[in-house]
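Before any comments, here is the structure.
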Amino acid sequence: QQSFLLIQIYPTTLGEESVARRPAVHEVIHSKKAPKPIGPYVQALKVRQPGEMLFVSGQIPIESNGRAYSGDIKRQAQIAFDNLRNVIQDAKFSMDEVVKVNIYLTDMGNFDTVNDVYQKTFVGQSLPARAVVQVAALPKDVGVEADAICVKQAASADELLDDEGI
């Protein structure tokens, strides 16, 4: 028995043809509870193969009215982490499935304040790995941005077995 790889040809913007990509192994996530991307990126990607993963793009303190909040850094962090949580939950992941968080600050002097908000966002025994870095500037002149990577929890053996252990 022979196997064949079907390759579709798609026109490029220049009218030339190029080799098509394989079917996507990811799904774009659009949360209505978090602000729309302000650039050429998506809020998050959920990887379907080999196992579900979620890559959440950087979330900044954009309020529900679509305006960036650049006031008090504690409030900025609360809004940014709320946006991060909303995208994660809308993708059907839990905060316990977050495995990595990156936080970007324009002033490392705000670390303690942002860390206090972070500790209220990520609680329990399954804290994610984390990096906090200072950057020269962030979009919309805000002081904090956070992104995340999540991995879907697999069912335990106990959850897969019925009452009779079968």
Side-chain angles (χ1 to χ4, degrees), residues 10 12-14 18 20-154:
Y10 291 99
T12 65
T13 56
L14 301 175
S18 63
R21 300 179 199 158
R22 291 178 282 171
V25 297
H26 64 274
E27 168 187 348
V28 174
I29 301 299
H30 301 281
S31 171
K32 293 180 181 175
K33 297 176 192 162
K36 294 179 181 177
I38 59 172
Y41 61 91
V42 296
Q43 289 175 324
L45 286 178
K46 182 191 299 185
V47 176
R48 295 188 302 250
Q49 298 171 1
E52 283 192 345
M53 295 177 69
L54 180 69
F55 296 83
V56 183
S57 295
Q59 298 296 307
I60 61 174
I62 295 181
E63 298 179 290
S64 58
N65 63 12
R67 294 189 196 135
Y69 176 81
S70 58
D72 174 64
I73 192 66
K74 180 177 182 180
R75 181 74 184 125
Q76 284 190 53
Q78 288 168 335
I79 295 167
F81 288 130
D82 285 348
N83 291 339
L84 193 72
R85 180 186 305 111
N86 288 336
V87 173
I88 290 167
Q89 291 175 343
D90 282 358
K92 307 278 189 271
F93 281 75
S94 74
M95 296 303 282
D96 288 333
E97 294 169 319
V98 177
V99 296
K100 176 73 166 117
V101 174
N102 293 310
I103 301 172
Y104 309 93
L105 301 174
T106 56
D107 181 355
M108 196 57 80
N110 292 327
F111 177 87
D112 289 338
T113 302
V114 172
N115 196 52
D116 288 343
V117 177
Y118 177 89
Q119 287 178 319
K120 293 176 180 141
T121 304
F122 294 94
V123 296
Q125 294 182 351
S126 54
L127 294 174
R130 182 183 82 174
V132 180
V133 296
Q134 182 172 330
V135 295
L138 289 168
K140 305 286 187 182
D141 293 320
V142 299
V144 62
E145 179 174 351
D147 62 43
I149 299 173
C150 309
V151 176
K152 186 57 93 174
Q153 291 179 342

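Residue numbers run from 1 in the order of the sequence given. Because only heavy atoms are used, hydrogens play no part in the values below, and waters and symmetry mates are left out as well, while side chains stay in. Keep in mind that this is a model prediction, so the values were computed, not measured.
Applying the side-chain hydrogen bond (donor to acceptor under 3.5 Å, both in side chains) test to every pair with at least one member in residues 99-113, sequence neighbours left out, gives these pairs: K100-N102, N102-D147, Y104-D147. Under the salt bridge (Lys or Arg N to Asp or Glu O under 4.0 Å) criterion, the residue pairs touching residues 54-83 are D82-R85, with sequence neighbours excluded. Residue pairs meeting the salt bridge (Lys or Arg N to Asp or Glu O under 4.0 Å) criterion with at least one member in residues 31-44, sequence neighbours excluded, are K33-D90. Contacts classified as side-chain hydrogen bond (donor to acceptor under 3.5 Å, both in side chains) and involving residues 129-142 (residues at least two apart or in different chains) are given here: N115-R130. Residue pairs meeting the ring pair (Phe, Tyr, Trp, His ring centres under 6.0 Å) criterion with at least one member in residues 56-90, sequence neighbours excluded, are F81-Y118.
With E52 contributing its side chain and K152 its backbone, the two residues share no donor-acceptor pair below 3.5 Å. Checking side-chain atoms of Q119 against main-chain N and O of D116 turns up no donor-acceptor pair under 3.5 Å. No donor-acceptor pair closer than 3.5 Å links the side chain of E145 to the backbone N or O of G143.
I79 and I62 get closest at one heavy-atom pair: CG2-O, 3.6 Å. Closest approach of P128 and V99 over heavy atoms only: CB-C, 3.6 Å. Pairing each heavy atom of I60 with each of P139, the nearest pair is CD1-O, 3.9 Å. A148 and V98 make their closest contact through CB-CG1, 4.1 Å (heavy atoms, listed as atom of the first residue, atom of the second, distance). Considering all non-hydrogen atoms of both residues, Q43 and P37 come closest at N-CG, 3.9 Å. Closest heavy-atom contact between A146 and L84: O-CD1, 3.7 Å.
With values rounded to the nearest 0.5 angstrom, Q78 atom CD is found 12.0 Å from N83 atom CG. To the nearest 0.5 angstrom, C150 atom SG is 10.0 Å from Q89 atom CD.
With sequence neighbours excluded, no residue satisfies side-chain contact (heavy atoms from CB on, under 4.5 Å) with S64.
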